[in-house]
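Below is one structure; the comments refer to it alone.
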Amino acid sequence: MSRLLRPASRLVSSSIARPAARNAFQSFPRVPAIVQSRGYAKESGVKEYTVRDALNEALAEELELNPKVFILGEEVAQYNGAYKVTKGLLDRFGDKRVIDTPITESGFCGLAVGAALAGLHPVCEFMTFNFAMQAIDQIVNSAAKTHYMSGGIQPCNITFRGPNGFASGVAAQHSQDYSAWYGSIPGLKVVTPWSAEDAKGLLKAAIRDPNPVCVLENELLYGQSFPMSEAAQKDDFVIPFGKAKIERAGKDLTIVTLSRCVGQSLVAAEALKKKYGVEVEVINLRSIKPLDVEAIVKSVKKTHRLLAVESGFPAFGVGAELLALTMEYAFDYLDAPAQRITGAEVPTPYALKLEQMSFPDETLIENYAKKMLRL
Amino acid sequence: MRIPVARLARGSRHSTFLPGHPIYRALQPQRWASSLSQKPGSAGVRFPGAVDSKFTNAMQFELPATYPAIPTYRALSPDGDIIDSSFTPPPDSLALSMYENMLSISIMDIIMFDAQRQGRLSFYMTSQGEEGTCVGSASALTKEDVIFCQYREAGVFAQRGYTFDDFMSQLFANKKDAGKGRNMPVHYGSSALNIHTISSPLATQIPQAAGAAYALKMQRLTDPNTPLRIVACYFGEGAASEGDFHAALNIAATRSCPVVFICRNNGYAISTPTLEQYRGDGIASRGTGYGIDTIRVDGNDILAVREVTKKAREMALQDGGRPVLIEAMSYRISHHSTSDDSFAYRAKVEVEDWKRRDNPITRLRKYLEKKDLWSDEKEAEARGRLRKECLKAFAQAEKEKKPPLRTMFEDVYEEMTPEIKAQMKQLKEVIDRYPDEYDVSEFEGGKDTLSS
Ligand SMILES: Cc1ncc(C[n+]2csc(CCOP(=O)(O)OP(=O)(O)O)c2C)c(N)n1
Ligand SMILES: [Mg+2]
């Protein structure tokens, strides 16, 4: 979408002063180094990776390791992917492994599902998950269910991947978060990477997993850099599903979050520490199906307060699910009602400022947490 | 099909829907299969699914590769001469206005492309090379006809009377933008011109066009005084790979919808060339498969495009309505959009060649010059004038106020919910309390539009 729908810049020429333009890949405050390098500072061999490079490396390694793996999607080969995630893969692996398709999401997704049912391990890229709507029947009714419906004889080892969630100035039809949609389907696994390590480890795990997995990436993270440990740079690095990661330990409040909101929550947590000396625990879910309920309960036992932060719509969302689970499994440990921050209940506005206000940001998270902690 | 109609008839307050009424009859598909009997030893097949097929004992696969390609109709030679003297060209005044509309679009494209590069606009898509397809086809439609577009059809808008002001208001999302600033640039729409607002997900407009045509047909049946109307639906050859395209053609054919599908085959879908988009004979060959009357036309020949659209419109209205497919061949001279650099996937010389070799604007210009209707002076005058008009609209639109703040709260619910009202009230109070923090003067009506 970057080339077709992405405003190259959002400079507005009006004489009234406006914030500087956002740009596709560097639009938001980068995670401060202090947060980013936590726990890595002394390790040797740590390298900076963008999320894009991490995904690219994961794909290259899996293509290399397993001849059953192939990638297909619109513009993935010749053009190196709409967001350049598949850069160089056509040259390296050839057009049998990296395949451009006609503009037919249901066609190429269906083809990929069929190939998976026949024993290959396709990676099906959607230009964005907004366009996967054209193919959702293949994902939900075929990929997710065939193993069960066939009495367990028909595995479907397939990975669906692509950017998910709002981007920047591409209006309502290109700005939706499908975590809750796919997260609600029995038979699917769903992961939502935040950092470069997440991206690499989860994508590799998705490709190896014998089940259909949706890897919900985030366009705004593709260009962000993160440290990658030496272990994660190896080609055997995978992150297990269903295990959340405590990105920052704390004792006063648990923030459970995913994808881009992890970085924002860490910034908020750091600010809360600086301003008020409180310790906020930030849990990066990494996978939302399966979901690491245990990690959440364990954290709530310690902090007694829970705040869910996500950028989907509020109704029937990931936040709603997290709150319900907290009620079901950790009610007795709560000192206050669990709360959620979500995207706004509106079709995503095109206007820059309205778009910004439709989704959580660092300040909002900070203020919410402050209220919950009565600071 | 019968059951819902019968239910509709019974459940409806309109006795007009009872059997015997034209709507009722129109909704009843003709059921051939059940009444056909097949004599033993007959030469033809009477399978319900293929009633006119002949038996054969020669096993012969149909080999599309051996079929001749569907020809491309043209009326005007690249030198601007009418090829067949029996062809009736449009009146000179119309030819001239069509020429000016193509010129307007191409001038606007140059200005806005550059404006985007300067950061004055977030995004833009040009239609260089396809002005003829759009202006020519739109010139054959009536004001009442209903249009669905994809995004590269500025010429359709211009030909129907969308002004520079209208274009610029949408591009700059100001208070005069019919879409109230909720869409990306180039997602034009106009209820006055009966053009549905452009929607980003590809191909969704194609089945919708069939549905809109069905509605027009029904309206005409209930009220014969409504004008005869068709739906014209534009889409690219890339979008035609989507399932929606196929679903649309089949539903339009089986429901006999008065819709003209106009495919702009410009050789590319972003970086994907047609060679990788499909293997058949373009998009036209698919029409016949669905039982749809189809023609292929030279999109660089605006007179030919106009002529086939005129005829297609007529056909679409015959016998109670039916779909027609037009495939207009051209070449996407432009990059896909301002976010694309097409020289990454095609040679610059290829583009330059096309530009030089054939172009809808120069072809019509040659025709006009040969008829002494056009000259270098007129060209210079028109270009200067249109450029000035466009820049004027540009400057005005840029300065124009933004849509009222109130529009933030509108159009999800017909009536604002109590929650939305409360939010709007709260916003007003905040602005009232901190006038120095919130300069709302750039929004039409300022903060007053927030009063319930
Ligand atoms: C469902 C869906 N898939 C993918 C896209 C991304 N996309 C936007 S335009 C485009 C190319 C369309 O090509 P074509 O239909 O030939 O029209 P052209 O741009 O050539 O006028 C693509 C793939 C989209 N908007 N919607
Ligand atoms: Mg095209």
Side-chain angles (χ1 to χ4, degrees), chain A residues 1-18 21-24 74-75 77-80 82 95 99-108 110 127-128 130-131 133-135 137 168-175 344-354 357-358, chain B residues 115-125 151 172-173 179-185 187 199-204 236-246 269-273 276-278 335-342 344-345 398-399 402-403 408-409 411-412 419-420 439 441-442:
Chain A
M1 196 168 61
S2 59
R3 284 166 304 112
L4 36 140
L5 293 158
R6 149 89 32 263
S9 72
R10 304 252 313 169
L11 283 174
V12 189
S13 59
S14 141
S15 53
I16 294 167
R18 286 166 182 278
R22 280 194 289 181
N23 150 314
E74 291 163 6
E75 315 255 319
Q78 280 278 317
Y79 208 78
N80 288 318
D95 60 7
I99 304 169
D100 275 330
T101 69
I103 305 175
T104 165
E105 287 80 8
S106 67
F108 70 76
M127 224 176 236
T128 97
N130 295 283
F131 301 152
M133 300 274 269
Q134 301 275 354
D137 186 71
S168 182
V170 289
Q173 291 167 317
H174 296 112
S175 304
E345 168 99 341
V346 288
T348 306
Y350 167 68
L352 173 68
K353 295 246 191 125
L354 291 182
M357 289 191 321
S358 299
Chain B
Q116 195 281 338
R117 285 287 181 261
Q118 293 164 13
R120 298 172 76 174
L121 183 75
S122 69
F123 176 82
Y124 191 71
M125 297 175 102
Y151 47 64
F172 287 107
K180 302 180 187 171
R182 291 178 186 146
N183 244 320
M184 297 177 66
H187 288 59
S199 170
S200 304
L202 282 176
T204 49
E237 89 292 339
S241 291
E242 294 283 9
D244 275 356
F245 163 84
H246 299 271
I270 314 185
S271 76
T272 310
E276 283 171 43
Q277 195 66 250
Y278 53 72
H335 299 301
H336 173 71
S337 73
T338 47
S339 318
D340 175 41
D341 172 12
S342 66
Y345 51 83
E398 221 180 5
K399 277 191 302 233
K402 297 285 168 204
M408 282 195 288
F409 299 93
D411 297 335
V412 171
E419 292 80 9
I420 294 179
D439 177 5
S441 60
E442 66 167 320

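Lettering of chains follows the sequences in order, A, B, ..., and the numbering in each one begins at 1.
To the nearest 0.5 Å, atom CG of residue B:Leu202 and atom OG1 of residue A:Thr104 are 11.0 Å apart.
Note on B:Thr204, B:Asn183, B:Val412: by heavy-atom pairs under 4.5 Å with chain A, the leading option is B:Asn183. Chain B forms the most heavy-atom pairs under 4.5 Å with one residue out of A:Gly107, A:Ala172, A:Ala171, and that residue is A:Ala171. Ranked by heavy-atom pairs under 4.5 Å with chain A, the first of B:Pro201, B:Ala173, B:Gly243 is B:Pro201.
Looking at B:Glu419 and A:Glu345, their side chains never come closer than 4.5 Å, going by heavy atoms from C-beta outward.
Between B:Ser200 and A:Gln173, the shortest heavy-atom distance links the atoms N-OE1, 2.9 Å. Looking at every heavy atom in both residues, A:Ile103 comes nearest to B:Gln277 through N-OE1, 2.8 Å. Minimum heavy-atom separation, A:Met127 to B:Ile270: CE-CD1, 4.1 Å. Across all their heavy atoms, A:Glu75 and B:Ser271 have their closest contact at OE1-OG, 2.9 Å.
Side-chain atoms of A:Gln78 never come within 3.5 Å of backbone atoms of B:Thr272 as a donor-acceptor pair (strictly under, hydrogens ignored).
No part of B:Asp411 comes within reach of chain A, as not one of its non-hydrogen atoms sits under 4.5 angstrom from that chain. Within the 4.5 angstrom heavy-atom criterion, only side-chain atoms of A:Gln134, from C-beta onward, approach chain B.
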